[in-house]
Amino acid sequence: MIRSIIATICDEVRTVLSNIDENEALVFAERLNQAKRVFVCGEGRSGLMGKAFAMRLMHGGYQVFVVGETITPSIRQGDLLILISGSGATESIYRFAVKAKEVGAEIGLVTTNRDSKIAEVSDFLLTIPAATKYRLPHEPETIQPLGNQFDQSVHLLLDAITIHVLRDNNETLRQRHANLE
Ligand SMILES: O=P(O)(O)OC[C@H]1O[C@](O)(CO)[C@@H](O)[C@@H]1O
């Protein structure tokens, strides 16, 4: 029973990720490498996927911050803000995008919806054709609740991108990992 659910989830995510645009992923990787500092942001589970991504970037030697953390500094021109929003419509994320644009930071959005309001103010998109909690007509079928399919796909795709941009070996990454845990 559980194995069969897992098999269906894996099939769903495989299909979603086989439909991403390789070029969008390569541009995303290039923008990461050109940014002075990277800021990552998302609400709820989208934010949790963002935190996991930020941690890998830190391991990879990037200067990276999670929006909303106590020690996160102000964003500036030359910085890159990565927003994760399945719907592309979450109000708080939209406000952060507008603010970042005002100060001249670059904005990359990971979303299912290219026509969303956050997409409109973003400089580049990483589109993941997954289901969201809104179950819009263009979204794929899923057996899963709410945004699970998007969350899982974001996690794997951003993991793949961090592997693509990785320059250091596992030992170097291990040395950068927190030693106060
Ligand atoms: O990814 P979005 O569309 O910005 O939505 C984020 C919110 O929706 C959820 O994915 C669940 O509905 C939450 O985890 C989060 O609060």
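The stretch residues 62-71 participates, sequence neighbours left out, in these salt bridge (Lys or Arg N to Asp or Glu O under 4.0 Å) pairs: K51-E69. Residues in residues 26-37 take part in these salt bridge (Lys or Arg N to Asp or Glu O under 4.0 Å) pairs, two or more places apart or across chains: R31-E106, R37-D79. The ring pair (Phe, Tyr, Trp, His ring centres under 6.0 Å) pairs that include a residue from residues 142-181 are H59-H177, where partners are two or more places apart or lie in different chains. Applying the salt bridge (Lys or Arg N to Asp or Glu O under 4.0 Å) test to every pair with at least one member in residues 147-158, sequence neighbours left out, gives these pairs: R45-D151.
Judged purely by distance below 3.5 Å, without hydrogens or angles, the side chains of Q152 and E12 never pair a donor atom with an acceptor atom.
The side chain to side chain contact (heavy atoms under 4.5 Å, CB included) check on Q77 picks up nothing, with sequence neighbours excluded. S92 meets the side chain to side chain contact (heavy atoms under 4.5 Å, CB included) test with E43, T90, R95; sequence neighbours excluded. Under the rule for a side chain to side chain contact (heavy atoms under 4.5 Å, CB included), the partners of R135 that lie at least two apart in sequence or sit in another chain are A131, T142. Applying the side chain to side chain donor-acceptor pair (under 3.5 Å) rule to D11 yields no partners; only residues at least two apart in sequence or on another chain are considered. Applying the side chain to side chain contact (heavy atoms under 4.5 Å, CB included) test to L146 and every residue at least two apart in sequence or in another chain returns K133.
V165 and V38 fall within a single hydrophobic cluster, where Ile, Leu, Val, Met, Phe, Trp and Tyr side chains are chained together by heavy-atom contacts under 4.5 Å. Note on F124 and I84: same hydrophobic cluster, where clusters join Ile, Leu, Val, Met, Phe, Trp and Tyr whose side-chain heavy atoms are under 4.5 Å apart, directly or indirectly. Residues L166 and V40 are members of separate hydrophobic clusters, defined by side-chain heavy-atom contacts under 4.5 angstrom among Ile, Leu, Val, Met, Phe, Trp and Tyr. Clustering ILVMFWY residues whenever any of their side-chain heavy atoms sit less than 4.5 angstrom apart, transitively, puts L173 in a cluster other than the one holding M55.
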Test V110 against L157 for side chain to side chain contact (heavy atoms under 4.5 Å, CB included), laying out the working first. CA-CA 10 Å; V110 185; L157 178 53; 5.6 Å; no
With side chain to side chain contact (heavy atoms under 4.5 Å, CB included) as the criterion, how do I82 and L126 come out once you've worked through the C-alpha distance, each side chain's angles and the decisive distance to 0.1 Å? CA-CA 10 Å; I82 297 295; L126 181 57; over 6 Å; no
The test is side chain to side chain contact (heavy atoms under 4.5 Å, CB included); show your working for V16 and Q149 and say whether it passes. CA-CA 8 Å; V16 167; Q149 195 189 73; 3.6 Å; yes
Walk me through it: do N148 and I9 pass the test side chain to side chain contact (heavy atoms under 4.5 Å, CB included)? CA-CA 9 Å; N148 277 21; I9 291 172; over 6 Å; no
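The CG atom of L17 sits 6.0 Å away from the CG atom of L156 when rounded to the nearest 0.5 Å. Between the OG1 atom in T112 and the OH atom in Y134 there is a gap of 10.5 Å [rounded to 0.5 Å].
Side chain of T72 to backbone of V66: a donor-acceptor contact under 3.5 angstrom is found. Side-chain atoms of T111 come within 3.5 Å of backbone atoms of S85 as a donor-acceptor pair (strictly under, hydrogens ignored). Side-chain N or O atoms of T162 include none that pairs as donor or acceptor with a backbone N or O of L57 at under 3.5 Å.
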What side-chain donor-acceptor pairs closer than 3.5 Å can you find for residues 22-29, not counting sequence neighbours?
| residue | atom | partner | partner atom | Å |
| --- | --- | --- | --- | --- |
| E24 | OE1 | T127 | N | 2.6 |
| E24 | OE1 | T127 | OG1 | 3.0 |
| E24 | OE2 | R114 | NH1 | 2.5 |
| E24 | OE2 | T127 | OG1 | 3.1 |

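Residue N169 places its CG atom among more than 12 non-hydrogen atoms of other residues, nucleotides or ligands, all under 6.0 Å distant. Heavy atoms of other residues, nucleotides or ligands lying less than 6.0 angstrom from CZ of R176 number more than 12.
Cluster partners of I6, using a side-chain heavy-atom cutoff of under 4.5 Å among ILVMFWY residues and allowing indirect links, are I2. The other members of the hydrophobic cluster of L81, by chain and number, are F39, F65, V67, I75, L83, I93, Y94, F96, V98, V103, I107, L109, I118, V121, L125 (side-chain heavy atoms under 4.5 Å, ILVMFWY only).
The nearest pair of heavy atoms linking G88 to S116 is O-CB, 3.3 Å. For L80 against G108, the heavy-atom pair with the smallest separation is CD1-N, 4.0 Å. Residues S46 and G86 share a closest heavy-atom pair of OG-N, 4.3 Å. Contact between E120 and D115 at its shortest, heavy atoms only, is OE2-O, 4.5 Å. Taking all atoms of both residues into account, the shortest heavy-atom contact from S153 to A130 is OG-CB, 4.3 Å.
Taking 4.5 Å as the limit, every side-chain heavy atom of I163 sits out of range of all side-chain heavy atoms of R56.
For the pair E171 and R174, the salt-bridge criterion is met [side-chain N within less than 4.0 Å of a carboxylate O].
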